[in-house]
Amino acid sequence: MPIGTINNRDILLAPSVLSADFAHLGDDARAAEAAGADWLQIDVMDGVFVPNISIGLPVVASLRRVVSVPLDCHLMIVQPERYVADFAKAGANHITVHVEATTHLHRTIQQIKQLGLTAGVALNPATPLNTLDEILPYVDLVLIMSVNPGFGGQEYIPTSTNKIARLRELLDSRGLGNIAIQVDGGVSQKNVAEVAGAGATNIVAGSAVFNSRQTPAETIAGMQAALPQR
Ligand code: DX5
């Protein structure tokens, strides 16, 4: 269930498994689900688009067997169109691709939706919002990266808050307020109210949920306490 509600918009939490204990990934995923995670984000990295290599299709298929929450695959890979069908087959419910990673973004978003999944587009911190101009009517979610992608546990980039607010204003002004604004990187109970207050409706948190001194349940409860409730 949502971790909060602001301006009549439910705020969802999508813990990122990148910071989970990969030796006990199923246990961590189930713990996050039991603690109230709305989605589970799987960070797929190819070592080319980002300077790191993480997890891929077999992990998605394995997690599909142990949790029932939607699996959100954040593809930090070049030419993601090559793999969207495979991620759908592995059990993904949502796929986000980077605007910087594919030449034919419109075709890739259409491909994801034709597979029956929801589709998102992600922007790196230096990528301006105007790159979204033509694709916004076709997506279900925009992911604002509030860290440079590739690693968990980084500091939130403070200028991200203004970028989130400008995107919220842009979506609302174009009658596209139903598009989710997901924010990913350096979000915890300390700044979730700032991020959601700026207009985010889907919060990714990796190290705050899986790599902190608290349990996932304690962290998620802390986030709920920081946000207005219905
Ligand atoms: C970074 C990933 C993020 C990351 C978030 O490239 O896309 O999802 O795991 O981790 P935290 O919440 O620790 O910044």
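Keep in mind that this is a model prediction, so the values were computed, not measured. Each ligand, and each atom within it, is numbered from 1 in the order the structure gives.
Annotation: Glu169, atom CD; neighbour count of heavy atoms from other residues, nucleotides and ligands within 6.0 Å does not exceed 12. Enclosure of atom CZ in Arg230 by more than 12 non-hydrogen atoms of other residues, nucleotides or ligands within 6.0 angstrom is indicated. Within a 6.0 Å sphere centred on CZ of Phe49, other residues, nucleotides and ligands contribute more than 12 heavy atoms.
Within the 4.5 Å cutoff, side-chain heavy atoms of Leu136 are placed close to those of Val142.
Under the 4.0 Å criterion applied to side-chain N and carboxylate O atoms, Asp27 and Arg30 are assigned as salt-bridge partners.
Within 4.0 Å of ligand 1, protein heavy atoms belong to Ser16, Leu18, Gln41, Asp43, Met45, His74, Met76, Met145, Pro149, Gly150, Phe151, Gly152, Gly153, Asp184, Gly185, Gly186, Val204, Ala205, Gly206, Ser207, listed by chain and number.
Under the 30°/60° scheme for interplanar angles, the aromatic rings of Tyr138 and His106 are found to stand perpendicular.
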